[in-house]
Amino acid sequence: MANRGAGRPRIDAHATRAKPRRNQGWSEMNLFTDIRAAVLDALAAMAEAGKLPAGLETANVAVEPPRDAAHGDMATNAAMVLARPAGMKPRDIAGALAARLADDPRIDSAEVAGPGFLNLRIAADVWAGLVGAVLSDAGYGRSAMGAGRRMNVEFVSANPTGPLHVGHTRGAVFGDALASLLDFAGYDVTREYYINDGGAQVDVLARSAFERYREACGLSPEIAEGLYPGDYLVPVGEALKEKYGDSLLNQPEDIWLEEVREFATERMMAMIREDLAALGVAMDVFYSEKSLYGTGRIEAAIADLDGKGLIYRGTLEPPKGKMPEDWEPREQTLFRSTAHGDDVDRPIMKSDGAWTYFAPDIAYHYDKVSRGFDELIDVFGADHGGYVKRMKAAVAALSDNCVPLDIKLTQLVRLFKNGAPFKMSKRAGNFVTLRDVVEQVGADVTRFVMLTRKNDAPLDFDFDKVLEQSRDNPVFYVQYAHARVRSVMRKAAQQGIGEVAPKLEDEAELAVARKLAEWPRLVEIAARTHEPHRVAFYLYELASEFHALWNRGNEKAHLRFLQEGNTGASAEKIALPRAVGVVISAGLAILGVTPVEEMR
RNA sequence: GGCCCCGUAGCUCAGCAGGAUAGAGCGACCGCCUCCUAAGCGGUAGGUCAGAGGUUCGAAUCCUCUCGGGGCCGCCA
């Protein structure tokens, strides 16, 4: 993407807000960028020698793992990228580049292939060196990519009207892993939850809780249509009775509504925090929607947009296709979101003068921008897909295009039990909660499984299969690899085997080392695309290479990590599994999964 | 009617910033335990990347259209 710089948002507006980095520094060890640098050096030398035109754009020159391992360890597209601007044939450039790279001691061979690929084979001692670096470098895989930029990840943000259910669970896991991933990639990350405690739904909560209060006072509750029927409100009703006795009974709503609302909302948020804690999610900030009302903050945000000429009074066209029954044209206060890519302008104030839900949303994002974040991410359920454009428009307008907002949608979770769909009756209020899931399968399994699909793909979650111990359960498969590593390390410690520089000989060992070398690259790709599932897939691949090597040891004794009666050879051998353990632990840490010491 | 997501092996899904002969698991078939955990490993079979155009030296990937599945679409959050 040659024109990337043009659209890149400026960051100077907020760059003055220095804050101590939260991550532990980053690693410079990335074999792919090292070799890419060598390629660029060689190209520069060729230009120097008159073999290439000077000043060629090299941004698109890539050094990547080849799709087919038989092609070598790494491949570069340099010749094909440069052929046109240089006015030369790709294979000619590749040939000259190969000759230069052959002088690099790290490169065993460089061969031109296909339309102009240059396939590189890396010297064995380079791989051994990489394994050594994984062990000596505490931050292997960490990246400087984020450069300490401040990133706000808002996720879950469920209405405080009940316990978190499975859908929220996926959003929670995704958002938390994404936040950890970005931290690992060098961003300064804030995890944030927006509490929708300002709208009509918390009034409904209050009325529902009040019925439970009446119930606690010995009356029979009247859970009218539209109220929350879940029995999680029963203890709230009892607590209300404890606090107020029967003093609220037979009082009109305007007497008790506000107090009961406060009380119930607080109880719900306490429950939600516990749910999140059970899953291992800890927010940095809980941000109250209500705090935006009556404090002038909504007005300030709208005034900002008004100052940019983006607020006006007008009447919207009725939606095309299906006409609502009670449609009649009304003049409203509108945000000109179409000026920033939305399809229609959006109302921010109802015809009765009250704010729409969108107004506090705008104010909330205005506040995030004001707090100096360089980038924002919102994690929504897929059913909120319709709000993506308007939110992006709002942030673009509020930040003058300085703060990019990425909105990640998480698709549905389909529950199964032993292959059969699991029915949920939402009407009865007995939906499957986050607690149900975590209590049945554990937080680690829940988290890993939720990340075995791309966020925008539906996810099947089978309560039985996720606990199955077989290769088609990636949770188990990755954990098993780690347990094997730990098993070897325990035995090595018993035998007094120390740490020495690794030595790699067999192809299976090199395959594992190559996979380890991809880790820093994978982290950057996953962080850039905001896709933590890539970490889960990578760990599966790494585990697969490791299991393969392990099994080779079954066939060929000299490939076992522990060489009977030869502590020196064993020490050289166990560096590789130790490094695998390091990377699996680091990867699982990003996913929020605890690596196990042994399988039980 | 409009917008967003999706369509890849029999099934469930990956596919990195456009790269080479499109991958993995399951299922099917054939093999591997006197040996660090066989809860594992190796191999075989299986594809018009929904379809049609376009851009490109090169497209599953980018653009347009069509078909199919899902989601959303004014004063509910």
Side-chain angles (χ1 to χ4, degrees), chain A residues 1 4 59-60 62 64-68 70-71 75 77 80-81 83-84 89-90 113-117 119 159 161 196 198-202 204 289 315-322 324 326-330 332 334 342-344 346-347 349-352 354 356-358 360-361 381-389 409 411-412 452-454 456-458 460 468-474 476-477 479-481 483-484 487-488 491-492 518 521-522 524-526 528-529 531 533-534 537-538 540-541 544 547-557 560-564 570 577 598-599:
Chain A
M1 279 210 204
R4 233 186 131 124
N60 289 328
E64 300 170 319
R67 190 178 303 215
D68 186 343
H71 291 142
N77 61 355
M80 289 180 293
V81 170
R84 176 189 285 263
K89 290 180 181 169
F117 281 100
N119 290 328
N159 287 341
T161 54
N196 289 104
Q201 76 284 353
V202 280
V204 175
E289 175 194 2
T315 307
L316 289 174
E317 296 285 308
K320 302 257 179 355
K322 70 156 199 208
D326 54 349
W327 172 272
E328 48 186 280
R330 295 229 168 110
Q332 298 169 299
L334 301 167
D342 201 1
D343 305 309
V344 292
R346 306 291 177 176
M349 193 180 272
K350 306 178 205 171
S351 49
D352 67 358
T356 65
Y357 67 91
F358 188 39
D361 280 349
D383 54 341
H384 287 62
Y387 306 107
V388 170
K389 283 191 176 182
L409 301 178
Q411 262 291 355
L412 294 177
T452 55
R453 285 289 177 274
K454 212 161 36 177
D456 55 8
D460 290 348
E468 212 167 77
Q469 300 194 330
S470 69
R471 174 161 193 169
D472 61 331
N473 181 357
F476 161 76
Y477 190 71
Q479 289 283 31
Y480 185 37
R484 280 180 150 175
S487 165
V488 170
K491 290 199 160 84
E518 288 178 28
R521 188 171 177 276
L522 184 282
E524 293 194 348
I525 291 167
R528 188 186 62 235
T529 54
E531 292 181 343
H533 77 276
R534 292 175 187 274
F537 280 90
Y538 169 82
Y540 184 84
E541 290 166 12
S544 179
H547 286 309
L549 172 60
W550 182 285
N551 211 250
R552 296 267 285 194
N554 284 338
E555 293 153 13
K556 300 180 180 177
R560 291 176 202 164
F561 302 125
L562 298 173
Q563 298 289 312
E564 188 123 4
S570 298
E598 56 185 349
M599 307 306 294

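Chain letters run A, B, ... following the sequence lines, proteins first and then strands; every chain starts at 1.
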Give [X] one of three labels, base, sugar-phosphate or nothing, depending on what nucleic acid heavy atoms sit under 4.0 Å from its own.
| X | answer |
| --- | --- |
| A:Y357 | base |
| A:E541 | nothing |
| A:A382 | sugar-phosphate |
| A:D361 | nothing |
| A:A354 | nothing |

Quick one: is A:K454 getting a side-chain N or O under 4.0 Å of the B:G15 phosphate, OP1 or OP2?
->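 Yes, such a contact exists.
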Of the candidate nucleotides [options], which contains the atom at the shortest distance from the side chain of [X]?
| X | options | value |
| --- | --- | --- |
| A:F561 | B:C36, B:G71, B:A14 | B:C36 |
| A:A483 | B:G15, B:A20, B:U37 | B:U37 |
| A:R453 | B:U12, B:G74, B:G42 | B:U12 |

So do A:Q332 and A:L316 actually touch side chain to side chain, heavy atoms under 4.5 Å?
->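 With C-beta onward as the side chain, the pair touches.
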Test for a donor-acceptor pair under 3.5 Å between the base of B:C16 and the side chain of A:R534, counting only N and O atoms.
->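 Answer is no: no donor-acceptor pair is held.
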Exercise: do A:Y480 and A:R484 side chains pair donor with acceptor under 3.5 Å |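 On atom types as modelled, these side chains qualify, holding a pair under 3.5 Å.
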Applying salt bridge (charged side-chain N to carboxylate O under 4.0 Å, His left out), name anything that partners A:E541, two or more places apart in sequence or on another chain.
->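 If we apply the salt bridge (charged side-chain N to carboxylate O under 4.0 Å, His left out) test to A:E541, skipping adjacent residues, the hits are A:K515.
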What are the atom names and distances for every N/O pair under 3.5 Å that joins the protein to nucleotides 31-35 of chain B?
residue, atom, partner, partner atom, Å
B:C35, O2', A:R560, NH1, 3.1
B:C35, O2, A:N554, O, 2.5
B:C35, O2, A:R560, NH2, 2.4
B:C35, N3, A:N554, O, 2.9

